[in-house]
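See below for the structure under consideration.
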2 protein chains.
Amino acid sequence: MSNFEAFFDYIQKISGKVLSEDDKHLLTAHFKPKKLRKRQYFLQEGDVCKYIGFIVKGSARTFTVDEKGHEHILKLSLENWWLADFESFYLLTPSRFNIEALEDLEILQSTNAQIEEFLKLIPAFSAMANVISQNYTIANQKRMQAAMSYSAEERYEDLVNNYPQFLQRFPQNMIASYLGLSPETLSRLKKNSFK
Amino acid sequence: MSNFEAFFDYIQKISGKVLSEDDKHLLTAHFKPKKLRKRQYFLQEGDVCKYIGFIVKGSARTFTVDEKGHEHILKLSLENWWLADFESFYLLTPSRFNIEALEDLEILQSTNAQIEEFLKLIPAFSAMANVISQNYTIANQKRMQAAMSYSAEERYEDLVNNYPQFLQRFPQNMIASYLGLSPETLSRLKKNSFK
DNA sequence: AAATAGGCTTGACATAGGTCAACTCAAGGT
DNA sequence: ACCTTGAGTTGACCTATGTCAAGCCTATTT
């Protein structure tokens, strides 16, 4: 099953360890393929995030809606990323976020309890989890610094340099929201930077 | 040594596991007590963050200086928090941050290589690391959301509710920088919210 | 082919928050 | 005791970005 091949490759590459045949069987048995169509929700605000998904194909956004009804995108996710509200997933509390497919989405999903098992039983999986958690911490720190220290224009240029795929895959108003800008501001900003 | 008692308690409390006498000896042997005076630097921008510190007493700030010479505080740290630029510490790359004692500081410090050992040898330590990493991820997500969705006033109220100790321990201009505000703005904002 | 909807741009205007400068007050160092 | 230094406040003004509204273009639906 080609879905799982990509998944196994990913785990082995990130962890630097090899998956045994047993490991693979275990993963195959407990990660369920699932499809979501564009606009479908993976998670709704107020629900507990019971599942974590590994994105095989497609994209999604994690966002909140504030009191004024404005949406704020906190995360844009593509292939080979994990999809979940980790706070809700770890603590089993109702989520403050929505997660919605922006393109047709194919994921492999599993539950918290099963992830705990994988962490215990599969060394490559647990090594991967550690690396991902490091990467997350680093990425969050960078994003936080950018939000605090950089102007709108600098943040946009940062994104162009670091996540050029985003520009291909996501409409500009989503990018704007991800950067914490109104769509109008991003539009003007691009015009000016071309000069 | 009372320093270490507090440290052991912390590990056991966070991890939910017990430290054996051997564990404690290992930790005592490889965490070195260190003191920094107010204003002293734990880490300077451009240096690799070779040490991680557990704060026994005192406080510190992690900040950057932008091209215009303005400082931005990314993290304020108190007792029972870890002190490090994790990006630099994990990857051994030069840090973009400065870490400075805001009050006289007593820490227990160790190196990356030794931490790896502790993770392998001490189950309570490794369980603690997982919990902390979860907490970190959650806290970062919240802070990111706050930075994107909330006004200056809302972010301040959030801080008053969630980290009231900060108001006691840190001068107002540090709080302002932590919130991404100028000191003047925070000052005015407080005046108005008293009404 | 017409109709509709979504995304993008542009203009005019509004506003939150930043900047600069002056003043006050408390604290620490000598 | 004196002097300096740092923190906080306040006022006047400035600027980046948001808001609202209109119009345009492309793609999809009918």
Side-chain angles (χ1 to χ4, degrees), chain A residues 37-40 59 61 63-73 76 100-104 145-160 166-195, chain B residues 37-40 59-61 63-73 76 98 100-104 145-160 166-195:
Chain A
R37 307 218 31 218
K38 186 173 174 171
R39 305 271 160 83
Q40 255 190 296
S59 60
R61 64 177 180 138
F63 68 100
T64 48
V65 182
D66 68 22
E67 331 79 56
K68 289 168 211 138
H70 295 166
E71 298 180 350
H72 302 272
I73 296 182
L76 290 170
E100 180 200 43
L102 288 178
E103 302 168 321
D104 289 352
Q145 187 202 353
M148 296 202 44
S149 318
Y150 296 156
S151 68
E153 185 155 8
E154 290 168 321
R155 277 177 283 150
Y156 178 67
E157 275 168 16
D158 231 58
L159 180 128
V160 171
F166 281 15
L167 302 176
Q168 260 70 57
R169 299 285 290 274
F170 302 115
Q172 191 171 307
N173 59 354
M174 299 287 166
I175 303 275
S177 174
Y178 177 76
L179 291 171
L181 299 174
S182 69
E184 293 95 333
T185 298
L186 181 54
S187 171
R188 286 187 244 266
L189 188 156
K190 284 176 71 174
K191 195 174 68 167
N192 294 335
S193 74
F194 273 128
K195 185 53 107 345
Chain B
R37 308 221 24 222
K38 186 174 174 171
R39 307 269 159 84
Q40 255 190 296
S59 60
R61 64 176 180 139
F63 67 99
T64 48
V65 182
D66 69 23
E67 329 78 58
K68 289 169 213 139
H70 295 167
E71 298 180 351
H72 301 272
I73 296 183
L76 290 170
N98 301 280
E100 181 200 42
L102 287 179
E103 301 168 322
D104 289 354
Q145 189 203 351
M148 295 201 46
S149 317
Y150 297 157
S151 69
E153 186 156 7
E154 290 167 320
R155 276 177 283 149
Y156 177 66
E157 277 169 13
D158 232 58
L159 180 128
V160 171
F166 280 16
L167 302 177
Q168 259 71 55
R169 299 285 291 271
F170 303 115
Q172 189 171 307
N173 59 354
M174 298 289 167
I175 303 275
S177 174
Y178 177 76
L179 291 171
L181 300 174
S182 69
E184 293 94 332
T185 297
L186 181 55
S187 171
R188 285 187 245 268
L189 188 157
K190 285 175 71 174
K191 196 175 64 165
N192 294 335
S193 72
F194 273 128
K195 183 59 103 349

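Every heavy atom of this structure was used, including side-chain atoms; hydrogens, water molecules and symmetry mates were not. In this text, all values refer to a predicted model and were calculated from it rather than measured experimentally. In the text below, chain A, chain B and the rest are named by the order of the sequence lines, each starting its count at 1.
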**Request:** For side chain to side chain contact (heavy atoms under 4.5 Å, CB included), just list the numbers for B:L159 and B:L167, CA-CA rounded to whole Å, side-chain angles, deciding distance to a tenth of an Å, and then say yes or no.
**Result:** CA-CA 9 Å; B:L159 180 128; B:L167 302 177; 3.7 Å; yes
**Message:** If you apply the rule side chain to side chain contact (heavy atoms under 4.5 Å, CB included), what do you find for B:E154 with A:E67, and how did you get there?
**Reply:** CA-CA 12 Å; B:E154 290 167 320; A:E67 331 79 56; 3.8 Å; yes
**Asked** Are A:Y178 and A:F170 close enough, and set up right, to give a ring pair (Phe, Tyr, Trp, His ring centres under 6.0 Å), and what steps lead you there?
**Response** CA-CA 10 Å; A:Y178 177 76; A:F170 302 115; 8.4 Å; no
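In this structure a side-chain-to-backbone donor-acceptor pair under 3.5 Å is present from B:D104 to B:K38.
Looking at every heavy atom in both residues, B:Q172 comes nearest to B:K190 through OE1-NZ, 2.9 Å. Contact between B:S149 and A:T64 at its shortest, heavy atoms only, is OG-OG1, 3.9 Å. The two residues A:S59 and A:E103 make their nearest non-hydrogen contact at OG-OE1, 3.0 Å.
Atom C1' of nucleotide C:dG17 and atom NE2 of B:H72 are separated by 14 Å, given to the nearest angstrom. Nucleotide D:dT19 holds its P atom 15 Å from the CG atom of A:L186, rounded to whole Å. In this structure, A:Y156 atom OH and D:dT17 atom P are separated by 15 Å, rounded to whole Å. When rounded to the nearest whole Å, the span between NZ of B:K38 and P of C:dA27 equals 12 Å. Rounded to an integer number of Å, the gap from A:L181 CG to C:dA16 P is 18 Å. For the pair B:M174 CE and D:dG6 C1', the interatomic distance rounds to 10 Å; values are reported in whole Å. Taking atom CZ on B:R169 and atom P on D:dA7, their separation rounds to 17 Å, with Å as the unit. The CG-C1' distance, from B:L167 to D:dA7, rounds to 16 Å in whole Å.
In this structure, A:T185 does not reach the D:dT17 phosphate: none of its side-chain N or O atoms is under 4.0 Å from OP1 or OP2. Neither OP1 nor OP2 of D:dG6 sits under 4.0 Å from any side-chain N or O of B:Q172. For A:N173, a side-chain nitrogen or oxygen approaches OP1 or OP2 of C:dC8 to under 4.0 Å.
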Below 3.5 Å is the cut-off: list the nitrogen or oxygen pairs between protein and nucleotides 11-15 of chain C, distance only.
from	atom 1	to	atom 2	distance (Å)
C:dG11	N7	A:R188	NH1	3.0
C:dG11	O6	A:R188	NH2	3.3
C:dA12	N6	A:R188	NH2	3.4

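Residue-to-nucleotide proximity on DNA chain D shows that, of B:P183 and A:E153, the 5′-proximal contact is made by B:P183.
A distance of 9.0 Å separates CG of A:L179 from CG of A:L76, quoted to the nearest 0.5 Å.
At a threshold of 4.5 Å between non-hydrogen side-chain atoms, the residues A:Y150 and A:E157 do not count as touching.
In the set D:dG18, C:dG7, C:dT19, C:dT19 carries the atom at the smallest distance from any side-chain atom of B:H70. The side chain of B:S182 lies closest to C:dT19 when the candidates are D:dT17, C:dT19, C:dT10.
Recorded end-axis angle for the helix from C:dA1-D:dT30 to C:dT30-D:dA1 stands at 50°, based on five pairs per end and rounded to 10 degrees.
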